[in-house]
Amino acid sequence: MMSELERWFPKVQPPPGGAARLQMAMTASGDAKPGFWPGYVWAGMAMLAIALSPLAWTGPQRNPQPEEVAVAMDALAAQPARAVRIVGGDAVELAHTDASVRVFLVMTR
Amino acid sequence: VAIDEADLLAAHRRLEVPLHNVLYRWLWDSQECQDLSQDAFMRVWKDRQRVDPQRIDALIYATALNLAKNRMRWRGLWRFQSPDEEAACDGEGPEAFALRSGSQQRVRSALQQLDASARNLLLLSEFAGLSTVELAEVLKVPEGTIASRKHRAMAVLKGVLERDDVRT
């Protein structure tokens, strides 16, 4: 026999999809892994990384000694002796349309 | 002491219908009941590191009832609404629903004569299947007073409904 409470409070059904909605909400909460670092830890690490980033930049190198220059100078030095003598370096004569003009590219160490 | 996703989903399977029925007698709106129920589960989920799996049912009921109380305060206490049509019982036709709807409005008015604790005690007794210890925990009353409180609440509700019957 139906009790008074059952008569007064007939059972109603909830709207469908409650379980799926809850599962999505848990996933969307973004903290599905228990014990994972909270957001403020990540924020602190990001700020530290930004603060230290200038130290990672060493700036432009002051005295680069490209290997190409050294090779070119060695090539010049290996050429036969010319009228112009360069001490501590070498020179190469460049072509010019005017025969009376001589142009040299001079390189020193 | 902690719960995981499987624990909470299992609790949802177990409590979805009974909790909905308890909340429905507060809010009288099926969709709002589901929203509030989801809110309660998510609050428990956010605090899962400290939740004892053995006490999860009582905790969810207590959380949901607190939220319902706040919701009622927020929306303007005891504002009258017709029970919504979405809450029709399984297999119920329009005539049966109309009859029940009238009856539910009387029950609703009668429930308003009870204080929150007495109303929750009746609803939880009917739907939740909680033990006396759990009922005492959810309602924050001494365990030894549960039976007498329920008897008193039933008497008040019955008296109001019978008085209405005589008037009509």
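When reading the values below, keep in mind they use all heavy atoms of this one structure, side chains included, and skip hydrogens, waters and symmetry mates. Residue numbers start from 1 in every chain, and the chains themselves are labelled A, B, ... in the order their sequence lines are given, proteins ahead of strands.
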inquiry  = With a 4.5 Å cut-off on side-chain heavy atoms, are B:Leu9 and A:Met26 touching?
reply    = yes

Step-by-step side-chain contact (heavy atoms from CB on, under 4.5 Å) determination, A:Trp8 to B:Arg25: CA-CA 11 Å; A:Trp8 292 336; B:Arg25 269 74 191 191; over 6 Å; no

Evaluate the side-chain contact (heavy atoms from CB on, under 4.5 Å) criterion for residues B:Val107 and A:Arg7: first the C-alpha distance (whole Å), next the side-chain angles of each, then the deciding distance (0.1 Å), finally the verdict.
CA-CA 10 Å; B:Val107 170; A:Arg7 191 157 45 85; over 6 Å; no

- B:Arg55 atom CZ: more than 12 heavy-atom contacts under 6.0 Å: no

task = Check whether any side-chain N or O of B:Gln38 sits under 3.5 Å from a backbone N or O of A:Ala19 as a donor-acceptor pair, and report yes or no.
result = no

Heavy-atom nearest pair, B:Gln31 first then A:Pro15, reads OE1-CG, 3.9 Å

Between A:Gly17 and B:Gln34, the two heavy atoms sitting closest are C-NE2, 4.3 Å

Turns out that what part of B:Asp39 lies under 4.5 Å from chain A's heavy atoms comes down to neither

What one should report as the nearest heavy-atom pair of B:His12 and A:Gly18 is CE1-C, 3.5 Å

Correct closest heavy-atom pair for A:Ala25 and B:Met42 would be O-CE, 3.5 Å

Quick check on B:His151: does its NE2 atom have over 12 non-hydrogen neighbours (other residues, nucleotides or ligands) under 6.0 Å away?
no

Closest non-hydrogen atoms of B:Asn21 and A:Val12, given as atom of the first, atom of the second and distance, are OD1-N, 2.7 Å

